[in-house]
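Here is the structure we will look at.
Just so it is clear, the structure is predicted and the values come from calculations on it, not from any experiment. So that the names make sense, note that chain A is the first sequence line, chain B the second, and so on, each numbered from 1. Side chains included, hydrogens not; waters and symmetry mates left out as well; all remaining heavy atoms used.
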There are 2 protein chains.
Amino acid sequence: MGNKSTRDHIVESADQLFYQQGFEHTSFADIAGVVKISRGNFYYHFKSKDEILDAVINLRLTDTAKMLGLWDGMSETPADRIRSFINILVTNRAKIKQHGCPVGTLVNELARLDHAAKSNASKIFSLFRGWLSKQFLQMGCGGESDGLAMHLLARSQGVASLATAFQDEAFIYLEVKQMNDWLDKCIKAHPLPEIQAPQV
Amino acid sequence: MGNKSTRDHIVESADQLFYQQGFEHTSFADIAGVVKISRGNFYYHFKSKDEILDAVINLRLTDTAKMLGLWDGMSETPADRIRSFINILVTNRAKIKQHGCPVGTLVNELARLDHAAKSNASKIFSLFRGWLSKQFLQMGCGGESDGLAMHLLARSQGVASLATAFQDEAFIYLEVKQMNDWLDKCIKAHPLPEIQAPQV
DNA sequence: GTCTATACGCCGATAGAC
DNA sequence: GTCTATCGGCGTATAGAC
């Protein structure tokens with residue numbers, strides 16, 4: 001169990017390289033250099049580069065689901081769980097500044113290439129979307145929950161994009177603070193079911 | 001004057017293709033197919049593919065500057081000028097859904113490739129940033145102006161990114177409405193110098 | 001399972017005729 | 001200015017030895 005198979009090594013290394021360099025720009029030679037196998041050996045484990053991409057996307061899907069599960073167990077309130085999401089921007093600020101958001105960059109690259117796996121990759125976004133929507137629903141946001149989830153997802157993407165473009169980590173901190181403030185307003189606008197306070 | 005040179009044709013076609021397919025994914029054969037010249041002919045006009053990229057970036061810089069100049073002349077108030085910026089998301093919704101934001105996708109691709117032209121490309125973002133900042137300053141936002149410009153730029157990027165990922169034009173309309181509402185709040189928070197109203 | 005050797009195509013770029 | 005022909009390299013993918 002502790003020993004990772006060559007196949008796992010390939011997928012994990014490809015995962016990193018696809019993030020850092022992009023899918024198309026990453027060659028078998030690049031992955032081979034990290035995993036330290038020969039180029040020919042890939043085809044024992046995968047039929048094509050696209051199959052490696054599928055494996056990487058599936059890895060990210062399971063990893064994301066695991067992380068969301070962890071966040072579910074870490075906080076008492078849905079608002080605090082949403083803060084777990086917001087704060088990954090700060091946690092990963094260095095890598096985001098260099099390579100952007102791992103989800104957004106992959107989905108947008110595949111969309112642009114009109115790659116067959118693009119809909120599969122966007123399922124990673126859907127995981128975050130559904131999870132966030134669930135939290136907003138638990139906060140009492142009702143029918144607005146999905147819209148709020150999309151809004152927060154979009155803001156995170158925008159922050160990552162500009163942090164990369166301007167090589168600016170301080171901007172991440174600023175926007176994360178504003179997102180947390182925005183969340184506070186959402187909490188006040190949607191109090192617990194018992195006490196219906198007037199809206200702003 | 002009315003006749004465009006072959007060089008101009010190359011740059012304009014490359015501009016479109018870089019937007020639709022990405023810089024790296026676009027080959028000389030692709031551009032040649034649109035301009036209808038032979039591959040060898042490129043090298044009379046440009047020394048390398050990177051020189052075509054430079055020309056494309058310069059074209060976008062001048063086009064962007066022109067557009068911002070037009071917006072300056074189109075509206076009376078800085079807030080209405082900012083709305084011109086917000087509304088391009090709606091105007092270009094179909095293309096954004098397909099290929100994302102032309103500025104963001106190029107800058108992020110070049111950043112990921114660690115391409116020499118990446119800082120040059122991000123100057124297009126800087127044009128928008130400086131122009132927006134100027135408008136917020138005229139609205140009386142003072143030292144917050146640049147932060148507000150970055151905030152709006154980031155939200156636009158996020159909207160474009162998710163619209164592409166989820167193939168969702170309706171989301172663009174929703175978020176554009178929210179950005180316009182947000183701008184209204186900014187106006188109320190920063191009234192004309194004569195009348196200082198209390199903050200929210 | 002992993003290797004070496006190699007096929008085959010596309011890429012950016014060059015040379016030189018017209 | 002535009003063309004054809006071609007080079008050298010790297011890309012994915014295959015064949016077959018070990």
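- Taking atom CD1 of A:Ile31 as the reference point, atom P of D:dA13 lies 11 Å away to the nearest angstrom.
- Counting non-hydrogen atoms under 4.0 angstrom, A:Ser5 reaches nothing in the nucleic acid.
- Put simply, A:Tyr44 has no side-chain N or O that comes within less than 4.0 Å of OP1 or OP2 on C:dT2.
- A salt bridge links B:Asp80 with B:Arg83; the closest basic N to acidic carboxylate O contact falls under 4.0 Å.
- Atom CZ in B:Phe28 sits about 22 Å away from atom P in C:dG9, given to the nearest Å.
- Here D:dT4 presents its C1' atom at 20 Å from NZ of B:Lys36, a figure rounded to the nearest Å.
- Side-chain N/O atoms of B:His45 include one lying less than 4.0 angstrom from OP1 or OP2 on D:dT2.
- For A:Tyr43, no side-chain nitrogen or oxygen approaches OP1 or OP2 of D:dT14 to under 4.0 Å.
- If you take CG of B:Asp8 and C1' of D:dG1, they are 15 Å apart, rounded to a whole angstrom.
- At the phosphate of D:dT2, OP1 or OP2 sits under 4.0 Å from a side-chain N or O atom of B:Thr6.
- Between the CZ atom of B:Arg7 and the P atom of D:dT2 there is a distance of 13 Å, given to the nearest Å.
- A cation-pi contact, defined as under 6.0 Å to the ring centre and within 45° of the axis, links A:Arg129 to B:Phe166.
- The nearest whole Å value for the distance from the CZ atom in A:Phe42 to the P atom in C:dG1 is 16 Å.
- Distance CZ (B:Arg39) to P (C:dA15): 17 Å, rounded to an integer number of Å.
- Between A:Lys49 atom NZ and C:dG9 atom P the separation is 20 Å, expressed in whole Å.
- Within 4.0 Å (heavy atoms only), A:Ser38 reaches at least one base atom of the nucleic acid.
- Residues B:Asp181 and B:Lys177 are paired through a salt bridge, judged by an N-O separation under 4.0 Å between the basic side chain and the carboxylate.
- In terms of phosphate contacts, B:Ser27 brings no side-chain nitrogen or oxygen within less than 4.0 Å of OP1 or OP2 of C:dC10.
- Under the 6.0 Å cut-off for aromatic ring centres, A:Phe28 and A:Phe46 do not qualify, their centroids lying 6.0 Å or more apart.
- Close to C:dG1, at under 4.0 Å from its OP1 or OP2, lies no side-chain N or O of A:Asn41.
- Ion pairing of B:Asp114 with B:Lys118 is present here, as a side-chain N (NZ or NE/NH1/NH2) and a carboxylate O approach within less than 4.0 Å.
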